[in-house]
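Heads up, the thing below is written out as structure tokens.
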Amino acid sequence: MQFLTLPSFSLINFDNKPCLILYTMGCDFKCPACHAKKLTGSQGISEQQVLDYIRDYDKRWVKGVVLCGGEPTIHKDLPDFLARLKKQTGLEIKLDTNGNNPDMLEKLTQERLVDYIAMDIKGSRELYPFVTGIPVDITQIERSMRVITPLKHEFRTTLWPIDFQGDFGWMSEQEAIEMVKWVSNTTGTNNHRHYLQKFVARTKEEMIGPSLSKDNLPREMWETPDLILTKVRDAMKSQGYSCEIR
């Protein structure tokens, strides 16, 4: 298991707790709007280097560790790493995931290796083929929703330009409502924390999909307009669903 760099410090990635962030290499999705192209490789910092760094970090200034990516759950040795991390530090662990690996999520939760899970909901059920860059077994995503619902968790949706075969558009209010109904029907509850996040375009060297880079998008789509974020949030809230803009 490889990491992009040594851990970085953050105050905003884990419920405002001071935490260390780890970026794992590799991902099983190819979301064109992702700007983590540098994480698609396999060469990086080793587990032992990361554990040594965290061991020597002043624990007065950190309360948790966040694993994100890339996609952490593609790594078979993730449970072993988290067990070592828990034993060595006693810190709370937050996992960021795309939800495509419910078997791994079940293992991690059964072994109590994570304390909080943030799962991406890419859009409504019908939008997944357009936003993930690969064919997705949607039943796996739904299984993951159900796995994390009894735990401390949140869902997150980034509002990026969706490429409908060269015709770009933002998620509509109706699509947002369909997303809420899908999540609620799948999990049997609408008692979730759901956050909307802004898309910000980068250069084609950074983006997984060059069509969504600054080099190709019209300038007005380089960043999600506040009006779009507000309309989608309000549409989701109209269904009795908790949603905030992050």
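Computed from heavy atoms alone, side chains included, the values below leave out hydrogens, waters and symmetry copies. Quick caveat: nothing in here was measured; it's all calculated off a predicted structure.
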Answer whether the closest heavy-atom distance between the side chains of [X] and [Y] falls below 4.5 Å.
| X | Y | value |
| --- | --- | --- |
| Ser213 | Glu206 | no |
| Pro79 | Leu108 | yes |
| Met221 | Trp160 | no |
| His75 | Thr24 | yes |
| Phe130 | Lys122 | no |
| Glu47 | Phe3 | yes |
| Trp182 | Ile121 | yes |
| Met236 | Leu196 | yes |

Nearest 0.5 angstrom please: [X] [atom1] to [Y] [atom2], how far?
| X | Y | atom1 | atom2 | value |
| --- | --- | --- | --- | --- |
| Gln140 | Asp28 | CD | CG | 10.5 Å |
| Met171 | Ile177 | CE | CD1 | 11.5 Å |
| Ile117 | Thr109 | CD1 | OG1 | 6.0 Å |
| Phe29 | Ile208 | CZ | CD1 | 13.0 Å |
| Asn100 | Arg143 | CG | CZ | 11.0 Å |
| Gln48 | Leu51 | CD | CG | 5.5 Å |

Measure up the His153 and His192 rings against each other and bin them: parallel (under 30°), tilted (30 to 60°), perpendicular (over 60°).
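Ring orientation, 0 to 90° scale: perpendicular.
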Donor-acceptor pair, distance only, cut-off 3.5 Å: does the side chain of [X] make one with the backbone of [Y]?
| X | Y | answer |
| --- | --- | --- |
| Trp170 | Leu159 | no |
| Asp215 | Thr203 | no |
| Asn190 | Val180 | no |
| Gln110 | Lys107 | no |
| Gln2 | Gly44 | yes |

Please step through side-chain contact (heavy atoms from CB on, under 4.5 Å) for the pair Phe155 and Ile148, ending with a clear verdict.
CA-CA 10 Å; Phe155 293 128; Ile148 74 170; 3.5 Å; yes
Partners meeting salt bridge (charged side-chain N to carboxylate O under 4.0 Å, His left out) with Asp15 (sequence neighbours left out)
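Checked Asp15 against salt bridge (charged side-chain N to carboxylate O under 4.0 Å, His left out); matches are Arg193.
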Just do the side-chain contact (heavy atoms from CB on, under 4.5 Å) check on Glu178 and Gln239 with the steps written out, would you?
CA-CA 10 Å; Glu178 290 170 2; Gln239 304 302 300; over 6 Å; no
Is there a donor-acceptor contact under 3.5 Å linking the side chains of [X] and [Y]?
| X | Y | value |
| --- | --- | --- |
| Thr139 | Asp137 | yes |
| Thr157 | His194 | yes |
| Asp120 | Asn98 | no |
| Gln174 | Ser172 | no |
| Thr97 | Glu71 | yes |

Would you name the heavy atoms of Gly69 and Tyr23 that are closest together and state the gap between them?
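Smallest heavy-atom distance, with atoms named: O-CD2, 4.0 Å.
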Minimum-distance pair of heavy atoms, taken over all atoms of Pro7 and Leu22
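Residues Pro7 and Leu22, closest heavy atoms: CG-CD2, 3.2 Å.
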Could you walk me through whether Leu67 and Phe81 pass the side-chain contact (heavy atoms from CB on, under 4.5 Å) test, one step at a time?
CA-CA 11 Å; Leu67 263 80; Phe81 172 76; 4.2 Å; yes
Does Arg246 count as lying over the ring of Tyr195, i.e. NZ or CZ under 6.0 Å from the six-ring centre, within 45 degrees of the axis?
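That pair qualifies as a cation-pi contact.
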Taking atom NZ of Lys86 as the centre, report whether more than 12 heavy atoms of other residues, nucleotides or ligands fall under 6.0 Å from it.
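Result for NZ/Lys86: enclosed.
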Do other residues, nucleotides or ligands put more than 12 heavy atoms under 6.0 Å from the NZ atom of Lys181?
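Check fails, neighbour count at 12 or below.
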Go through Phe199 and Trp222 one step at a time and tell me if the side-chain contact (heavy atoms from CB on, under 4.5 Å) criterion holds.
CA-CA 8 Å; Phe199 163 80; Trp222 282 7; over 6 Å; no
Tell me whether [X] shares a hydrophobic cluster with [Y], the cluster being built from Ile, Leu, Val, Met, Phe, Trp, Tyr side chains joined at under 4.5 Å.
| X | Y | answer |
| --- | --- | --- |
| Leu105 | Ile74 | no |
| Leu227 | Phe168 | no |
| Val232 | Ile245 | yes |
| Leu151 | Met119 | yes |
| Met104 | Ile134 | yes |

Criterion side chain to side chain contact (heavy atoms under 4.5 Å, CB included) against Val65, the qualifying member of Leu95, Leu85, Ile21, Leu82
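So the option named by the test is Leu85.
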Quick one: do [X] and [Y] make a salt bridge, cutoff under 4.0 Å?
| X | Y | answer |
| --- | --- | --- |
| Glu223 | Lys198 | yes |
| Asp52 | Arg55 | yes |
| Glu92 | Lys63 | no |

All pairs passing side-chain hydrogen bond (donor to acceptor under 3.5 Å, both in side chains) where residues 123-133 contributes a residue, at least two apart:
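Checked against side-chain hydrogen bond (donor to acceptor under 3.5 Å, both in side chains) - neighbours excluded - the pairs reaching residues 123-133 are Arg125-Glu142.
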